Every structure is written in structure tokens, then in C-alpha cells.
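Predicted model, so just to flag it, every value in this text is computed and none were measured.
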Amino acid sequence: MSPMGLYLHIPFCFHKCHYCDFYSIVESPSAGQDRQAQLVDALIRELRHHQARLGPLRPRTLFVGGGTPTLLRPELWQRLLQALHDMDALEQAAEFTVEANPETVTPDLMSLLVRGGVNRVSIGAQSFQPPLLEALERHHQIASVPRAVQAARQAGIDNINLDLIFAIPGQTMAQLEADLDAALALEPTHLSCYNLIFEPATPLTQKMKLGQIQPLEEDLQRAMYDRVMTRLEHAGYEHYEISNWARQRADGSYHCLHNLIYWHNLDWLGVGPSAASHIRGRRWKNVPHLGRYLAGSPAPPTQDVEEPDPARHVGDSLMLGLRLRDGIALAWLDHHLDRNDPRWGVIDELIALGMLQRDSSRLCLTRQGLFVADSIIARLM
């Protein structure tokens, strides 16, 4: 059976943002090799390798992330998209997303992507305030965001996500309001708003350890998240996952179908350096190293290979499912948790504390619980 989701990783960036812990490398013409072409060839070989091993790849969703996928040259995009068509990988696709840095979006590239089957773009705005972009070491011009949105729409892509980050060191509530104003004025169908996390081994975390920057006070971070929820709800966006909001449409909603596959703990295949996969209960990750990935093609070296036992699978499903505002079906819990499982007692305690709520069919986080979701989820793992 084909995995429901297909993820492809393009690691190239023109600059490494200081908050980012995804595997990415700065693309430099002085490298002396056409690494972009080598990567695309290796991606196609890996796709064909998995097709031979798993059978036809006909996912419901495709997602190309990075790095900066839109940094890939147009002729290489053409080659990659043609390979996906030749493999019939788009035959059953309802959603095909490409991540984009606004500086790299052009009308020609958007038109090429649309012709290749792309119907959704995710644009990394992060902030509309130059000092905050500078604090993140994020290199793009503010005016490039509306230009990118316009280019996507003119090419025929109506489903557009904007990424925002809040709780940036030095950020004020007024700056957050201005960011929300600017994002909402562009009328995206989807918004991802992330509370900044100081990830290990990132330059931003190193600056914090050296005392060069300070995280915002927790009370201010909480107030910012509360403001994001209130503003987006009043603007007509459904808060369907801890950090994600979507507009409704006639045939449903603009939820990110690809990410829902992750949150429902379903099967997906990851292709490219550092890409993770979850197929039939088995998990693995391609090595996060372009040279080793290229050398190992078509079957790249992997790491973190595991086959979680049933108890771990239940814990993972709880962790992921509770991120969704609809939470988890009680019927699922009754089926997967033994009546003597201590987590039932934890659930009752969290309900009494007002962190979880249970109705006739589902268990989910309360609004109060959203502010401490990580600690709640950790207790149920």
C-alpha cells in the first residue's frame, strides 16, 4: 500500500537563519560542483528505489521542504516534476505543497510549479518588522512577501500558507499586532504561527547562552499566544492545531492535509538528506549529510531506525493527536489503553485541573491547556 504522504527535502539555502535546526546548507557557486543537479538526480533514484520496494507511490499529499526549495533552478524543478509525473506519483494527490522563501518566488517559477501539479505554497514570512527579522538573521525584504503571494495567486495557486514567528527576543505586543495586521491583509488561506523555540545547536541558542539576547518573559509569551488565537479567531480562521489556523471553504477547509498525516500518525515516506519516514510501524531517517546522501544513492544511509512497540505507538499517537484541537476519539482510547493503564488517572487529574476536556466522544486540550501543551503531552507519553 502506498504511503499517504510523500516528503522531499531540498537542503539548499542562500543563508542559514539563526533559529533554524532543519538540515540545510548554504549554496555557493564556488563549491565547484553542480550540487543541485546531483541532488535532483539522487532524489529521483531514491524515489524509484522506494517504488521498486514498496510498489506504486500514489500518495494523497506531497510536500517539498527545506532548506529553500524555491532556490532550486527551474530546469531542475522541471526534471523533478516530470519524474513524479512519470511515476504516477500525482495520480491521487489532493495537495502538493512547496515551501518558499519570498525572495526566491518569481512569476515564472510559480507558473512552472502549477504546470507540474503544485497547488499549495507555504511562504516563510516570519515577521514584517525589519528589527525582528534581523534578530532571527532572516534574510528577506518585507515587500517580497506580498509580491510572492501575488505571484502565486496570479499563477493559479489559491491555497497559500504564511509562516509567522512570535516571542522573538525584543518583540513587543505592538509589533505582534502589526505582524498579524500585515499577514491578515494578505488574506492567506492558512496561517502557521509558531512560538519561537531555542533549539539546541543553533546560533540563536548560542547567543542566548552567551547573554547576547534574552528570551521574552513567559507571561509575555503566553499573552502573545493568547492574542494570536483571539485575533485569528475573530478574522475567521479555525484553530485546528496548536500552531495552525485555516479558513473554511465550500468543500471543507484549508487544513494542511500533509501535516494531518503526521498528526494522525499515519504512513509517510521521506526522500532526500535528513528526510524521515514512517512506514508500516517502522521509522528511519536519511543521514543529514548531502555528500553521504549522494554517495549512497539510490539507497542512502539511514539512522534512527526503530520499530516502536505497541505501548510506544499509543504514546506517540496520544502526543500527536492531542496537538489537534479535536483531540482524540474516546473510542480509540478505550481500544488502545488497558483499563489499568495509569494514564487514565492522569487524564482524570488533568480534566479536574481544567487542562483537558472530555465530551461524549472526544478528549482534547482546553484553551488553558494549550499554554502548557508540551508538559501535558509529556505526562501521557
**Prompt:** Val314 and Asp341: side-chain contact (heavy atoms from CB on, under 4.5 Å), yes or no, with the steps?
**Reply:** CA-CA 12 Å; Val314 170; Asp341 193 304; over 6 Å; no
Would a hydrophobic clustering, with Ile, Leu, Val, Met, Phe, Trp and Tyr connected at side-chain separations under 4.5 Å, put [X] with [Y]?
X	Y	value
Phe63	Leu80	no
Phe14	Ile10	yes
Val121	Val145	yes
Leu186	Val228	yes

So, [X] side chain and [Y] main chain: donor-acceptor pair closer than 3.5 Å or not?
X	Y	result
Trp77	Pro69	yes
Ser144	Pro102	no
His190	Asn159	no
Arg138	Gly124	yes

Closest approach of [X] and [Y], non-hydrogen atoms and distance?
X	Y	result
Ala246	Tyr240	CB-CE2, 3.9 Å
Leu71	Cys13	CD2-C, 3.5 Å
Pro11	Pro273	CG-CG, 4.0 Å
Leu257	Glu95	N-OE1, 3.0 Å
Ser122	Asn161	OG-ND2, 2.8 Å

**Item:** Reference residue Leu191; test side-chain contact (heavy atoms from CB on, under 4.5 Å); the match among Asn244, Asp163, Leu184
**Value:** Leu184
Taking atom [atom1] as the centre, does [X] end up with more than 12 heavy-atom neighbours from other residues, nucleotides or ligands that are less than 6.0 angstrom away?
X	atom1	value
Gln248	CD	yes
Glu217	CD	no
Glu306	CD	yes
Arg73	CZ	yes

**Request:** Could you tell me whether His278 and Tyr7 have their ring centroids closer than 6.0 angstrom?
**Result:**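 Distance test on ring centres: not under 6.0 Å, no.
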**Pair Tyr262 and Trp268, ring centroids less than 6.0 Å apart** = yes
**Message:** Show, in sequence, the C-alpha distance, side-chain angles and deciding distance for Asp226 and Arg222, and conclude whether the salt bridge (Lys or Arg N to Asp or Glu O under 4.0 Å) test is met.
**Reply:** CA-CA 6 Å; Asp226 186 71; Arg222 179 181 177 126; over 6 Å; no
Could you tell me the separation between the [atom1] atom of [X] and the [atom2] atom of [Y], rounded to the nearest 0.5 Å?
X	Y	atom1	atom2	answer
Leu81	Leu76	CG	CG	11.0 Å
Gln175	Ser127	CD	OG	7.0 Å
Leu216	Asp219	CG	CG	11.5 Å
Arg115	His85	CZ	NE2	11.0 Å

Side-chain atoms of residues 320-327: list all donor-acceptor pairs with protein atoms under 3.5 Å, sequence neighbours left out, distances to 0.1 Å.
{"from": "Arg323", "atom 1": "NE", "to": "Glu241", "atom 2": "OE2", "distance (Å)": "2.6"}
{"from": "Arg323", "atom 1": "NH2", "to": "Glu241", "atom 2": "OE2", "distance (Å)": "2.8"}
{"from": "Arg325", "atom 1": "NH1", "to": "His239", "atom 2": "ND1", "distance (Å)": "3.2"}

**Asked** Run the side-chain contact (heavy atoms from CB on, under 4.5 Å) check on Arg283 and Asp316 step by step: do they pass?
**Response** CA-CA 12 Å; Arg283 298 178 181 178; Asp316 289 345; 2.8 Å; yes
N/O donor-acceptor pairs under 3.5 Å from side chains in residues 194-206, not counting sequence neighbours:
{"from": "Asn195", "atom 1": "ND2", "to": "Gln221", "atom 2": "OE1", "distance (Å)": "3.4"}
{"from": "Thr202", "atom 1": "OG1", "to": "Glu199", "atom 2": "O", "distance (Å)": "2.8"}
{"from": "Thr202", "atom 1": "OG1", "to": "Thr205", "atom 2": "N", "distance (Å)": "3.4"}
{"from": "Thr202", "atom 1": "OG1", "to": "Thr205", "atom 2": "OG1", "distance (Å)": "3.0"}
{"from": "Thr205", "atom 1": "OG1", "to": "Glu199", "atom 2": "N", "distance (Å)": "3.4"}
{"from": "Thr205", "atom 1": "OG1", "to": "Glu199", "atom 2": "O", "distance (Å)": "2.5"}

**Request:** Give every residue pair that meets the side-chain hydrogen bond (donor to acceptor under 3.5 Å, both in side chains) criterion with at least one member in residues 368-381, sequence neighbours excluded.
**Result:**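 The answer is Glu349-Arg379.
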**Prompt:** Going by the side-chain hydrogen bond (donor to acceptor under 3.5 Å, both in side chains) test, which pairs reach into residues 54-69, not counting sequence neighbours?
**Reply:**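 Every pair satisfying side-chain hydrogen bond (donor to acceptor under 3.5 Å, both in side chains) with a residue in residues 54-69: Thr61-His258.
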**Prompt:** Do the rings of Phe166 and Tyr225 sit parallel, tilted or perpendicular, given the 30° and 60° boundaries?
**Reply:** parallel
**Request:** Apply salt bridge (Lys or Arg N to Asp or Glu O under 4.0 Å) to the pair Asp158 and Arg249, showing each step before the final yes or no.
**Result:** CA-CA 11 Å; Asp158 296 321; Arg249 58 183 177 187; over 6 Å; no
**Residue pair Ile123, Ile160: steps toward the side-chain contact (heavy atoms from CB on, under 4.5 Å) verdict** = CA-CA 7 Å; Ile123 298 171; Ile160 297 172; 4.1 Å; yes
Could you go through residues 129-137 and list every donor-acceptor pair under 3.5 Å that involves a side-chain atom there, pairing it with any protein atom two or more places apart or in another chain?
{"from": "Gln129", "atom 1": "NE2", "to": "Asp179", "atom 2": "OD1", "distance (Å)": "3.1"}
{"from": "Glu137", "atom 1": "OE1", "to": "His139", "atom 2": "NE2", "distance (Å)": "3.4"}

**Asked** Under the salt bridge (Lys or Arg N to Asp or Glu O under 4.0 Å) test, which residues partner Arg231, sequence neighbours left out?
**Response**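 So Arg231 forms a salt bridge (Lys or Arg N to Asp or Glu O under 4.0 Å) with Glu177, Asp181.
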**Option among Glu46, Gln303, His9 that satisfies the side-chain hydrogen bond (donor to acceptor under 3.5 Å, both in side chains) test with Asn286** =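 For Asn286, the side-chain hydrogen bond (donor to acceptor under 3.5 Å, both in side chains) check succeeds only for Glu46.
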